[in-house]
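As structure tokens, the structure follows; a few thoughts come after it.
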Amino acid sequence: MHDFSGKVAVITGGASGIGRELGHLLASQGGRVVLADIDRSALDETVASCASEGLHEVMGLVVDVTDPESVDALADQVFERFGDVHLLFNNAGVGIKEAKRRIWTLPESDWQWGYAVNVMGVANGIRSFVPRMLEGGQEGHVINTSSGNGGLVSMTTTPIYASTKAAVTSLTEVLHYQFLMDDAKLQAHVLFPGPYLVNTNILNSARNKPERYQTEGEGPEPYTDMEALAKSVGVSFKLTQPDEVARQTLEGIRAGRFWIMEHGSSAEKWLTKRTESILERTNPALGERR
């Protein structure tokens, strides 16, 4: 797909960060955009911002991607209004207050929340939208947001987040092969935002955490922003901006690339070491001691 004009795009996690910038960029290129997010106030502000710039083909819908019925309702509304979907971005994701903590100390609710959003949110999007996209018989793309952290190699400070993103990479590879097996007109892509840490507000995810996933006595996030996080794990202080990721993503879709990832990522070096470790049956190389 080279021309996004008139194409219908659904973006979860669309009220901020990468999702917001994807929506803006697609709308500026003539796309019809549906932004889905759990944060109503941020969603309304994003839609209003687009309208103020003359981008009127943008609508916002409040959705909880952890709730299958909520995602089904999103699909119902989108297909009823537009008739088809050409671009599905399963982009919603959360960060967990897990930094500098050991796996065995993390509460069950944090595991449930991280997997409910980062993994089941993707699975729910696929389940609700893909059958209807296939039925429509048009060219389409399913883009799942993973991360170099976990999706390629795992940072030792984020066991829940990293393992969820490893799952996203795996299920997207399977989706790719299943589309090929069915000779579908849909293509799967896995997005690794970067090449550096992306300057989003994911560290503040807990403010929208549903009550069922909350833990009594939760403390503040140890890192206030991405620059502080980058410094703590010893990676580049340079940050990638969400609008850069949006441009890279659309370029990857146009090029038909499954792996949407910029060169120069710090994860690339450790991915090579990890692969060598697997092939040589050696113990994993520790990329960071935090």
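What you are looking at is a predicted structure, and each value in this text was computed from that prediction instead of being measured. We count residues from 1, following the sequence as given.
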Residues at least two apart in sequence or cross-chain that pass salt bridge (Lys or Arg N to Asp or Glu O under 4.0 Å) with D67, listed by chain then number, are none
If the plane angle is over 60° it's perpendicular, under 30° parallel, otherwise tilted; pick one for W259 and F192.
-> parallel
Test side chain to side chain contact (heavy atoms under 4.5 Å, CB included) applied to Q77 and L61, step by step | CA-CA 9 Å; Q77 293 178 76; L61 294 173; 3.5 Å; yes
Residue pair [X] / [Y], side-chain heavy-atom distance below 4.5 Å:
X: I96; Y: L106; value: no
X: N90; Y: V142; value: yes
X: P193; Y: T240; value: no
X: L22; Y: L250; value: yes
X: L152; Y: M261; value: yes
X: Y196; Y: L239; value: no
X: N124; Y: V65; value: no
X: V63; Y: T12; value: no

Side chain to side chain contact (heavy atoms under 4.5 Å, CB included) between R254 and F4, worked out = CA-CA 9 Å; R254 286 192 175 100; F4 300 113; 3.2 Å; yes
How would you list, by chain and number, every residue that makes a side chain to side chain donor-acceptor pair (under 3.5 Å) with S41, sequence neighbours excluded?
-> D39
By side chain to side chain donor-acceptor pair (under 3.5 Å), which residues pair with R281, not counting sequence neighbours?
->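 Here no residue qualifies.
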Measure the spacing between [atom1] of [X] and [atom2] of [Y] and express it to the nearest 0.5 Å.
X: D37; Y: R20; atom1: CG; atom2: CZ; result: 11.0 Å
X: H141; Y: Q187; atom1: NE2; atom2: CD; result: 6.0 Å
X: E45; Y: L43; atom1: CD; atom2: CG; result: 10.0 Å
X: F179; Y: L134; atom1: CZ; atom2: CG; result: 6.0 Å
X: R257; Y: E251; atom1: CZ; atom2: CD; result: 7.0 Å
X: K7; Y: Q29; atom1: NZ; atom2: CD; result: 13.0 Å

Which pair of heavy atoms, one from K185 and one from G137, lies closest together, and at what distance?
-> CD-O, 3.0 Å
Applying side-chain contact (heavy atoms from CB on, under 4.5 Å), name anything that partners I103, two or more places apart in sequence or on another chain.
-> W111, P159
Decide whether [X] and [Y] are clustered together by the hydrophobic rule: side chain heavy atoms of Ile, Leu, Val, Met, Phe, Trp, Tyr closer than 4.5 Å, transitively.
X: M133; Y: I126; result: yes
X: V71; Y: V34; result: yes
X: I38; Y: V119; result: no
X: F129; Y: L175; result: yes
X: F82; Y: V85; result: yes

Check: S163 side chain, I160 main-chain N or O, donor-acceptor pair, under 3.5 Å | yes
Side-chain (E139) to main-chain (M1) donor-acceptor, under 3.5 angstrom =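 Checking the backbone N and O of M1 against the side chain of E139, a donor-acceptor pair under 3.5 Å is found.
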Less than 4.0 Å between a side-chain N and a carboxylate O, is that true for E262 and R247?
-> no
What pairs meet the side chain to side chain donor-acceptor pair (under 3.5 Å) rule with one or both residues in residues 167-178, with sequence neighbours excluded?
-> N144-T172, S146-T169
Derivation and outcome, side-chain hydrogen bond (donor to acceptor under 3.5 Å, both in side chains), residues E108 and Q112 = CA-CA 6 Å; E108 180 184 356; Q112 291 176 339; 2.9 Å; yes
Please list all pairs passing the salt bridge (charged side-chain N to carboxylate O under 4.0 Å, His left out) test where one or both residues lie in residues 73-89, with sequence neighbours left out.
->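 Non-adjacent pairs meeting salt bridge (charged side-chain N to carboxylate O under 4.0 Å, His left out): D76-R132.
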Taking it one step at a time, do V33 and L55 satisfy side chain to side chain contact (heavy atoms under 4.5 Å, CB included)?
-> CA-CA 10 Å; V33 177; L55 303 176; over 6 Å; no
Worked check of side chain to side chain contact (heavy atoms under 4.5 Å, CB included) between T249 and F89 = CA-CA 10 Å; T249 303; F89 295 87; 3.9 Å; yes
